[in-house]
Q: 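Quick one: this structure, given as structure tokens, is what I'll be asking you about.
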Amino acid sequence: MEKLNGIVERITYVNEENGFSVIKIKVKGQSELVTVVGNIAFVNIGAVVELEGEWSFNSKYGQQFKVNSCVEKIPATVAGIERYLGSGLIKGIGPVNAKRIVKKFKEDTIQIIEEEPERLSEVEGIGPKRVEMIKDAWLEQKEIKNVMLFLQEHEVSVAYAVKIYKTYGNASISVVKENPYRLADDIWGIGFKIADKIATKLGFEQNSYVRCRAGLIYVLNQVANEGHCFAFREQLLQEAVEMLEIEQVLLEKALEDMLKEEIIVQEGEDKFYLPSFYYSEVGVAKRIKEIMVTKKPFAFSNIETIIKEIQRENNIVYDQVQLEAIKVACDSKFMVLTGGPGTGKTTTTLAIIRVLEKMQAKILLAAPTGRAAKRLSEATGREARTLHRLLEYKPPHGYEKDFGNPLDGDVLIVDEMSMVDIVLMYNLLKAVPNKAMVVLVGDMDQLPSVGPGNVLRDIINSGVVKVVKLTRIFRQAQGSRIITNAHKINKGHFPYLKGGRKSDFFFIEESEPLSIVEQIKGLCAHRLPTYYAVDPIDDIQVLTPMQRGVIGVRNLNEVLQEALNPAKTQVTYGGIKYKLNDKVMQIKNNYDKNIFNGDIGRIVALDQEEKKVLVRFDQQVVNYDVAELDEVVLAYATTIHKSQGSEFKIVVAPIVTQHFIMLQRNLLYTCVTRAKKVMVLLGTKKALAIALKNNKVELRNTMLEARLTEQEKV
């Protein structure tokens, strides 16, 4: 082993996932900068480092020093201190303030920040608020480095150090040592496998109860991520045995203990739930029955007269199915209105609203996402809110609206119901007063919710509530190839692929993935924006079935970011470049920020001094620390699953046989119905045929339909 001392001059590359870095250091007596490689992600420009390692030669990059250990020291020279502080190390100190501070305190600068930080207010432009920010940031970065070094010893990604510190503060290391499996429960992005890796390094027994417990919870969470509300006994134990590599008998014993501790819930012989999903499922069935058996808030009379009056006032004529829907809505406490695109769901919903308003009813309108709520509001001319806003979610307390503080309304109408999972549905129904009427609107043929459950389909299939299905495609919609092809796809018929100048549906035949990527780039950057006079970032959305591969989300986002966004201002996190003006998507519900899974926004500011990224989502601007950027992904391209509930002016989608595992009829149907103005498919007819033929709706482990049917028998 050799030793090397130097000053960090440049950080060439950092992999946030594993901490591997390439840095350039200035070594005394050497004219050229020395290239250093290894797990040293916590060093900053200007830092003095003591390295231990060995020299190696890379055929592409030349001589390098491979690091085994690194000790960082505070720089001693004035110039070194200025570079160190101005490198972005401390929130609140950028290059300008670093220069001012060092000019004032010279070699004593670090000592002042460490021991007398209040004296920073003597520096021009630094007020009390910034002094506090610098003081806190200095202490935080010191503690984060301790956590990073501790995790590095246990071969854990340094990207998680900041999250662990933000969750546990100065207790981080002691918490991790005591029970590393807590990380999987408490911190989003740290799963069981990472926690298990730390536990093994810390000497936790492979057969320990704490490991069995964490493993079983992990399997149940994975099952929930696939949309299931519960796991069957055999499925749960088999997956846990494979993952933990221990005997089943140990897991069976852990399962018994977890049932006693009420960590999980068992129903019947072989169904195991995480408590939130069990109580949500039982609760939804119970609440639907309670609402259905309670008397309406007001009596209905002269419905026919009111409908004729509305038709006359709005110069509209409703067809028989729409008239039936209006009458069923007025006659029921709980109903579902379903149908595909162009069948008049919005027109019918508006008709129901107008009739109920004539009856002086107070109507609440809601949808699962901001975009869906905005669309509902524009279509009806009335206020519509997201379900979370309707229920007044306030962290850390949760939903303000519930049994004790119900919604103030006579009628609740919820659009895009296919997106609503079992937990959100229960929280919604807890807040609905028993006297209220409920109308659920959605397309049951779309993909089910991202979260657990299959709420809309289960309610419809139960036969317990009244369902009106709109099937007729209206004349104005018949002129749209998007709509007619969507219905063809839904029936398993081959769509009409021949385009034309006036068409809104196009198919480009291409089988080679790299050629498809080039076609997509050309369509998004030039052809479509030029022809349709649209914004290439806001108005065009690329949808694809898969995350990985040449025509997967990740690669397409890199290609489109390069083609559509020339901005130079950027930050890198987790190996992803985030640039000013980038289109991004939130991928987890963040109740503190009031932003939810699937919300799409644009980066409007990057503050490298404050280590902040600002993203505009519809009407609100959300502030992210750089360390929170794993909640946000680039969204020039996204999966079809993630596009639910959204509409885009133009959709471009590759459908190829390489996506074989994901090709399903309802996936293709959902994709096509996202396009409002233009739909462009690229791929092969063979891939389309595979998707059309595969009408197997993936069954989800849910008991809602059965519970509703049981409720009916009671």
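Treat the numbers as computed from the prediction; the structure is a model and nothing was measured.
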Q: Can you name the closest pair of heavy atoms from N581 and A567 and give their distance?
A: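 Scanning both residues completely, I find the closest heavy atoms to be ND2-CB, 4.5 Å.
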
Q: Please lay out, stage by stage, how F648 and I540 fare under the test side chain to side chain contact (heavy atoms under 4.5 Å, CB included).
A: CA-CA 7 Å; F648 310 97; I540 302 174; over 6 Å; no

Q: Backbone N or O of E239 within a donor-acceptor pair of the Q222 side chain at under 3.5 Å?
A: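 It does not hold such a pair.
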
Q: Rounded to the nearest 0.5 Å, what separation is found between the CD atom of E416 and the CG atom of L456?
A: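 Output value for this atom pair is 10.5 Å.
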
Q: Provide the closest heavy-atom pair for A325 versus V468 in the form atom of the first, atom of the second, distance.
A: CB-CG1, 3.7 Å

Q: Could you tell me whether a side-chain N or O of R382 sits under 3.5 Å from a main-chain N or O of T380, the two making a donor and an acceptor?
A: yes

Q: Apply side chain to side chain contact (heavy atoms under 4.5 Å, CB included) to L364 and E383, showing your working.
A: CA-CA 8 Å; L364 302 173; E383 184 194 13; over 6 Å; no

Q: Do the side chains of R354 and N314 get nearer than 4.5 Å, heavy atoms only?
A: yes

Q: How many angstroms lie between atom CG of D599 and atom CG of N589, to the nearest 0.5 angstrom?
A: 8.5 Å

Q: Has K676 got more than 12 heavy atoms of other residues, nucleotides or ligands less than 6.0 Å from its NZ?
A: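 No, not enclosed.
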
Q: For the pair Y578 and V632, evaluate side chain to side chain contact (heavy atoms under 4.5 Å, CB included) and give the outcome as yes or no after the intermediate values.
A: CA-CA 10 Å; Y578 296 89; V632 171; 4.2 Å; yes

Q: List the steps and the verdict of side-chain hydrogen bond (donor to acceptor under 3.5 Å, both in side chains) for E562 and Y636.
A: CA-CA 11 Å; E562 177 109 10; Y636 298 96; over 6 Å; no

Q: Among pairs that include at least one residue of residues 581-594, which meet salt bridge (Lys or Arg N to Asp or Glu O under 4.0 Å), considering only residues two or more places apart or in two chains?
A: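 Qualifying pairs: K588-E631, K593-E628.
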
Q: Nearest heavy-atom pair of H526 and T530: which atoms, and what distance?
A: O-OG1, 2.6 Å

Q: Looking at D458 and R700, is any side-chain nitrogen of the basic one under 4.0 Å from a carboxylate oxygen of the acidic one?
A: no

Q: To the closest 0.5 Å, what do you measure between CG (N565) and CG (L560)?
A: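 CG of L560 is found 11.0 Å from CG of N565.
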
Q: Could you walk me through whether T670 and Q446 pass the side-chain hydrogen bond (donor to acceptor under 3.5 Å, both in side chains) test, one step at a time?
A: CA-CA 5 Å; T670 300; Q446 281 188 33; 4.8 Å; no

Q: To the nearest 0.5 Å, what is the distance between CG (L692) and NZ (K488)?
A: 10.5 Å

Q: CG of L528 to CD1 of I650: how many Å apart, nearest 0.5 Å?
A: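 Reported value, rounded in 0.5 Å steps: 5.0 Å.
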
Q: Let me see the working for M425 and I459 under side chain to side chain contact (heavy atoms under 4.5 Å, CB included), right down to the final yes or no.
A: CA-CA 11 Å; M425 187 63 174; I459 290 173; 4.1 Å; yes

Q: Are L564 and K521 side-chain neighbours, meaning at least one heavy-atom pair lies under 4.5 Å?
A: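 The answer is no, as the side chains (C-beta and beyond) never meet within the 4.5 Å cut-off.
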
Q: With under 30° as parallel and over 60° as perpendicular, where do the rings of Y393 and Y399 fit, or are they tilted in between?
A: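 Plane angle over 60°, so perpendicular.
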
Q: Under a 3.5 Å distance rule, please check whether T343 uses its side chain to pair with a backbone N or O of G340 as donor and acceptor.
A: yes

Q: Examine distances only and state if a side-chain atom of Q644 and a backbone atom of P448 form a donor-acceptor pair shorter than 3.5 Å.
A: yes

Q: Examine distances only and state if a side-chain atom of N694 and a backbone atom of I690 form a donor-acceptor pair shorter than 3.5 Å.
A: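 Between the backbone of I690 and the side chain of N694 there is no qualifying donor-acceptor contact (under 3.5 Å).
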
Q: Looking only at heavy atoms, what is the nearest atom pair of I655 and P545, with distance?
A: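 Looking at all heavy atoms of both residues, the closest pair is CD1-CG, 4.3 Å.
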
Q: In the structure I gave you, are the side-chain heavy atoms of D535 and K649 within less than 4.5 Å of one another anywhere?
A: no

Q: State whether the side chain of N701 and the backbone N or O of F230 hold a donor-acceptor pair below 3.5 Å, judged by distance alone.
A: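 Checking the backbone N and O of F230 against the side chain of N701, a donor-acceptor pair under 3.5 Å is found.
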
Q: Side chain of D421, backbone of P452: donor and acceptor closer than 3.5 Å?
A: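 Checking the backbone N and O of P452 against the side chain of D421, no donor-acceptor pair under 3.5 Å is found.
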
Q: Please answer whether the main-chain N or O of D445 pairs with a side-chain N or O of Y669 as donor and acceptor at a distance below 3.5 Å.
A: no

Q: Can you spot which of L365, L390, I363 makes a side chain to side chain contact (heavy atoms under 4.5 Å, CB included) with L412?
A: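 Among L365, L390, I363, the one that satisfies the side chain to side chain contact (heavy atoms under 4.5 Å, CB included) with L412 is L390.
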
Q: So does V517 get a backbone contact from the side chain of E510, meaning a donor-acceptor N/O pair under 3.5 Å?
A: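 Answer holds: no.
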
Q: Taking atom CD of Q320 as the centre, report whether more than 12 heavy atoms of other residues, nucleotides or ligands fall under 6.0 Å from it.
A: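 No, the 6.0 Å shell around CD holds no more than 12 heavy atoms from other groups.
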
Q: Which atom names give the shortest non-hydrogen contact between T386 and P368, and what distance separates them?
A: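 Taking every non-hydrogen atom into account, CB-O, 4.4 Å.
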
Q: Any non-hydrogen side-chain atom of P341 less than 4.5 Å from a side-chain atom of I482?
A: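 Side chain of P341 against side chain of I482, heavy atoms only: no contact under 4.5 Å found.
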
Q: Output yes when a side-chain donor or acceptor of T639 lies under 3.5 Å from a complementary backbone atom of M546, and no otherwise.
A: no

Q: Is any side-chain heavy atom of I640 less than 4.5 Å from a side-chain heavy atom of R674?
A: no

Q: How about L440 and L337: do any of their side-chain heavy atoms sit closer than 4.5 Å?
A: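 No, their side chains stay 4.5 Å or more apart.
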
Q: Find out whether L681 and F505 are in side-chain contact, i.e. whether some heavy atom of one side chain is under 4.5 Å from a heavy atom of the other.
A: yes

Q: Looking at side-chain heavy atoms only, is the closest gap between R554 and V633 below 4.5 Å?
A: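 No, every pair of side-chain atoms sits at 4.5 Å or beyond.
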
Q: Give, for atom CD1 of I516 and atom CD1 of I551, the distance between the pair rounded to the nearest 0.5 Å.
A: 4.5 Å

Q: Which heavy atom of L629 sits nearest a heavy atom of V613, and at what distance?
A: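 Distance-wise, the nearest heavy atoms are CD1-CG2, 4.0 Å.
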
